[in-house]
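Here's the structure, in structure tokens; my notes come after.
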Amino acid sequence: QVQLVESGGGLVQAGGSLRLSCAASGRTFSSYAMGWFRQAPGKEREFVAAISWSGSSTYYRNSVKGRFAISRDNAKNTVYLQMNSLKPEDTAVYYCAADGSVAVVTTKPGAWGQGTQVTVSP
């Protein structure tokens, strides 16, 4: 089972940028599709972005397209989420996720990180 640890969250003003990182343990990181989800207070957890094991395919929810970019470095066992032009509605706890299937990682991934808080002030 892969272990995931997120970092990079924080407080930023609207229009600013943050880059989240997710470090994965294990030697099979390159075989996992990876994803990012978020959960705002009082709301359900929602899919944000996903990337295939090779990095050749990426997927985004509509509201972050053109602002967020997911990438991965298989040599470093790390996946990133670059977030630009942040809005107050992006405020949430962001979770890293992993699964053997890119289709599953966008819906019910098998592994989760503990989350990192992102707060965007107006």
At what distance, to the nearest 0.5 angstrom, does [atom1] of [X] lie from [atom2] of [Y]?
X      : Y      : atom1 : atom2 : answer
Leu81  : Thr116 : CG    : OG1   : 11.0 Å
Ser63  : Phe68  : OG    : CZ    : 7.5 Å
Gln117 : Leu11  : CD    : CG    : 9.5 Å
Arg67  : Gln82  : CZ    : CD    : 12.0 Å
Asn77  : Cys22  : CG    : SG    : 10.0 Å
Arg38  : Met83  : CZ    : CE    : 9.0 Å

Test your reading of the model: is there a side-chain donor-acceptor pair from [X] to the backbone of [Y], 3.5 Å cut-off?
X     : Y      : value
Arg72 : Ser52  : yes
Thr78 : Ala23  : no
Asp99 : Thr106 : no
Thr28 : Ser31  : no
Glu6  : Gly115 : yes

Give the cluster check for [X] versus [Y]: same hydrophobic cluster or not, with ILVMFWY residues linked at side-chain heavy-atom distances below 4.5 Å.
X      : Y      : value
Leu86  : Ile70  : yes
Val102 : Val2   : no
Val93  : Trp112 : yes
Tyr59  : Met34  : no

Working for side chain to side chain contact (heavy atoms under 4.5 Å, CB included), residues Tyr80 and Asp73
CA-CA 8 Å; Tyr80 304 97; Asp73 185 337; 4.1 Å; yes

Heavy-atom closest pair, residues [X] and [Y]:
X      : Y      : value
Pro122 : Pro88  : CA-CG, 4.0 Å
Trp53  : Ser30  : CB-O, 3.1 Å
Thr107 : Ala103 : OG1-O, 3.6 Å
Ala49  : Tyr60  : CB-CD2, 3.6 Å
Leu4   : Ala24  : CD2-CB, 3.7 Å

For the residue pair Phe47 and Phe37, categorise the inter-ring angle as parallel (less than 30°), tilted (30 to 60°) or perpendicular (more than 60°).
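Judged by the thresholds at 30° and 60°, the geometry between Phe47 and Phe37 is perpendicular.
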
Walk me through it: do Gln39 and Tyr95 pass the test side chain to side chain contact (heavy atoms under 4.5 Å, CB included)?
CA-CA 8 Å; Gln39 187 168 19; Tyr95 297 89; 4.1 Å; yes

Test item: [X] and [Y] side chains (from C-beta on) under 4.5 Å apart, heavy atoms:
X     : Y     : value
Val64 : Val48 : yes
Cys96 : Val79 : yes
Phe29 : Asn74 : yes

Decide if atom CD of Gln13 counts as having more than 12 heavy atoms of other residues, nucleotides or ligands within a radius under 6.0 Å.
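No, not enclosed.
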
